Amino acid sequence: MQPRRPPPPIPGSGPWGPRPVAPLIALLLLLAPVVAAAESESAEHPGQPQDAGLQRRLLQQAARAALHFFNFRAGSPSALRVLAQVQKGRAWINPKEGYKVDVVFSTERYNPESLLQEGEEHLGKCSARVFFKNQKPRPAVNVTCTRFIEKKKRQQEDYLLYKQMKQLKNPLEIVSIPDNHGHIDPSLRPIWDLAFLGSSYVMWEMTTQFSRYYLVQLTSVRQWKTNDDTIDFDYTVLLHELSTQEIIPCRIHLVWYPGKPLKVKYHCQELQTPEEASGTEEGSAVAPTELSNF
Amino acid sequence: DQVFRINVRNGDEISKLSQLVNSNNLKLNVWKSPSTFSRPVDVLVPSVSLQPVKSFLTSQGLEYEVTIEDLQIYHEMDNIASDFPDLASRVKIGHSFENRPMYVLKFSTEEGVRRPAIWLNAGIHSREWISQATAIWTARKIASDYQRDPAITSILEKMDIFLLPVANPDGYVYTQTQNRLWRKTRSLNPGSPCVGADPNRNWNASFAGKGASDNPCSEVYHGPHANSEVEVKSVVDFIQKHGNFKCFIDLHSYSQLLMYPYGYTAKKAPDAEELDKLARRAAKALASVSGTEYQVGPTSTTVYPASGSSIDWAYDNGIKFAFTFELRDTGTYGFLLPANQIIPTAEETWLGLKTIMEHVRHNLY
């Protein structure tokens, strides 16, 4: 089978190399979302009205993978970002190798309730190249984002969070965060943010061109240690995978100190057979994927 | 609120129970008193008293089981019907696998005539709590705005509205008592430890096609055959018997999408253009309230391929105006949408629903 001819370049998208991100100029940011389906493409592949939809979905998947990776690499629970809008991009599909996607997208703060800091932009902007390889287990991501919050400020916030976390009573008596009604106690918010940070690593590795993950709930805390300055956090979360609608329990173990790279190990449970599986590990048929990143 | 069914085996137990019921601060309500010792007593226990009552029963050695969990929605349906007796009535259309009643609210301004009708479906996936919540808010909105709002008044002058707020009652109870993230029905699958089928893959529209699974343990298990789930069959039978539905809207969460057929194929539906235009207008009306943005398109390319879905069945059975709403949010809270977003969600969705219903009303076929 012939590999699909790449779609014609989208007007306005630059050359292949990673584009240096210019300082924010508000007007230029607000580009209309682009959909790539071209007439010639449809003629060659009849009955593919999903081209436009497929392009859009691929760009969104790439943006998500890039953002998970970005959040993990930034290692900053006070500066987590979520996808606002995909602005433009282009995808190449090679059935033998995989999917390569260039994408530009806007982001917003993860914590919608928190007030914007002085000098902080509401929307950030990122550009990324993401490679969903057929062979490799995780998407290769190259991503650059505008700085939406000053580095010094971010470090201050992280350190504040760190101090709050060190104050928390040990052992942590957690039932679930959020609770079943979506409520997160403000005093527990730092734990949630840290859990989300660790989960970003997991979600980055697991995101493919087809599957996308969302963090649903922190269901248990096995260990919360704060000796020798770092925070040592062993916990279980539930992830929701949208295309299969499955709920996936993942046990995550992270070590964090503000400013230092995040260390994460995890194990996610595959399709649960007993429907009562709620984050316990017994009976998992999948070999544990212990991955550390340093 | 829960209903406790308490087994009383002798006079001693009856007096213990009376002691409990008569204590004022617990606000208990006896539904069915025992006439003989062998019959159980049904007692309505408000949420705030659940813990003390459970402790009491256990410590006194009284056997009990919790029957209907969280009656709030059924109560409210009843209240609406009695507050607006000339407009609304609560109709039982069937029962669930675990024998819970399936109630719809029928809004009609003229009895004895089978008018062109609108079906509003909610809660088919039990964990999507914003769906049931939005539906019950909408029910009261329809009733209270009749003869106040020209749009809904005009709609009800020509059409009936049927609203099913809890299309999957067993699943809903399960999310309240055992597993907040339960999606499917609670039917048993012979030969499998896994329970339930995805009621939105169980309709007879390319049943067992792509976007569904034949594995009972999957969240999108389509079931052994189309309409195998009694909850689905009840709706199908009702709509087919009625024979005059023009619009079918299914409420889900999350993702903020407004979709029309098809899910089971990428082929364009014959009315795709009209449905797309209408959906865009509805999404715009919805966004006008709080700026909440919805994406619009056919199911298969907007979210994913899905066979055996409710709106595909409705559409292929002559119900042209078939839409799915995936309500708030886009993943921040997902299924666990905080309660303070219920009313804002319901209010904006109402404008979207009205846009669609108005169009149907003016384009009856």
Side-chain angles (χ1 to χ4, degrees), chain A residues 33 35 37 47-57 60 64 80 82-86 108-113 176-184 196 203 210-217 219 238-249 270-278 283, chain B residues 125 127 129-130 133 174-184 186 189 192-196 198 200-201 211-213 215-221 254-255 265-268 272 293 295 297-306 326 329-342:
Chain A
V35 160
Q48 285 198 348
Q50 70 270 34
D51 262 39
L54 178 62
Q55 279 280 320
R56 190 187 61 221
R57 277 206 306 285
Q60 281 186 341
R64 289 191 180 102
L80 298 163
V82 288
L83 180 64
Q85 209 179 40
V86 170
E108 34 187 38
R109 235 184 196 266
Y110 174 58
N111 187 350
E113 283 93 26
S176 40
I177 306 175
D179 67 17
N180 285 345
H181 297 270
H183 177 68
I184 302 177
F196 185 92
M203 293 192 284
F210 308 118
S211 33
R212 71 179 128 135
Y213 296 87
Y214 296 91
L215 177 59
V216 182
Q217 209 175 31
T219 53
L238 296 177
L239 300 182
H240 173 225
E241 199 289 301
L242 213 99
S243 64
T244 57
Q245 289 292 338
E246 294 295 331
I247 301 294
I248 298 156
E270 286 305 310
L271 181 68
Q272 49 218 64
T273 24
E275 31 53 75
E276 243 68 70
S278 54
Chain B
H125 289 142
R127 62 191 180 199
W129 281 10
I130 188 61
Y174 200 72
T175 60
Q176 311 229 321
T177 57
Q178 304 281 4
N179 182 350
R180 173 63 178 84
L181 297 173
W182 189 258
R183 166 186 169 90
K184 303 188 285 182
R186 292 294 301 166
N189 294 307
S192 171
C194 294
V195 175
D198 184 340
N200 208 26
R201 300 289 185 277
S213 168
N215 178 354
C217 300
S218 164
E219 294 280 39
V220 293
Y221 172 52
Y254 56 92
S255 283
T265 174
K267 271 187 0 188
K268 258 173 90 163
E293 283 181 25
Q295 259 174 48
T299 308
S300 68
T301 55
T302 306
V303 66
Y304 41 55
E326 290 279 355
D329 56 16
T330 53
T332 304
Y333 288 99
F335 301 124
L336 308 185
L337 197 69
N340 63 10
Q341 289 199 41
I342 294 177

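Chain A is the first sequence line, chain B the second, and so forth, proteins listed ahead of strands; every chain is numbered from 1. Because the structure is predicted, anything quoted here is derived from the model rather than measured. Note: hydrogens, waters and symmetry copies are ignored here, and every other heavy atom, side chains too, is used.
For the side chain to side chain donor-acceptor pair (under 3.5 Å) test, residues two or more places apart in sequence or in another chain that qualify with A:Arg212 are A:Tyr214.
Neither the backbone nor the side chain of A:Glu241 comes within less than 4.5 Å of any heavy atom of chain B. Contacts between B:Ser255 and chain A at a heavy-atom distance below 4.5 Å involve the side chain alone, from C-beta outward. Looking at B:Thr330, only its backbone comes within 4.5 Å of chain A, counting heavy atoms on both sides. Proximity to chain B (any heavy atom under 4.5 Å) is shown, for A:Leu242, by both the backbone and the side chain. Residue A:His183 does not touch chain B at all, counting heavy-atom pairs closer than 4.5 Å.
Taking the six-membered ring wherever Trp is involved, the centroid distance between the rings of A:His181 and B:Trp129 falls below 6.0 Å. A:Tyr213 and A:His240 have their aromatic ring centers separated by at least 6.0 angstrom.
Listed for the B:Lys268 side chain is no donor-acceptor partner under 3.5 Å among the backbone atoms of B:Pro298.
Comment: B:Arg127 engages B:Glu219 in a salt bridge, judged by a side-chain N to carboxylate O separation of less than 4.0 angstrom.
Listed options B:Leu337, B:Leu336, B:Thr302 were ranked by heavy-atom pairs under 4.5 angstrom with chain A; first place goes to B:Leu336.
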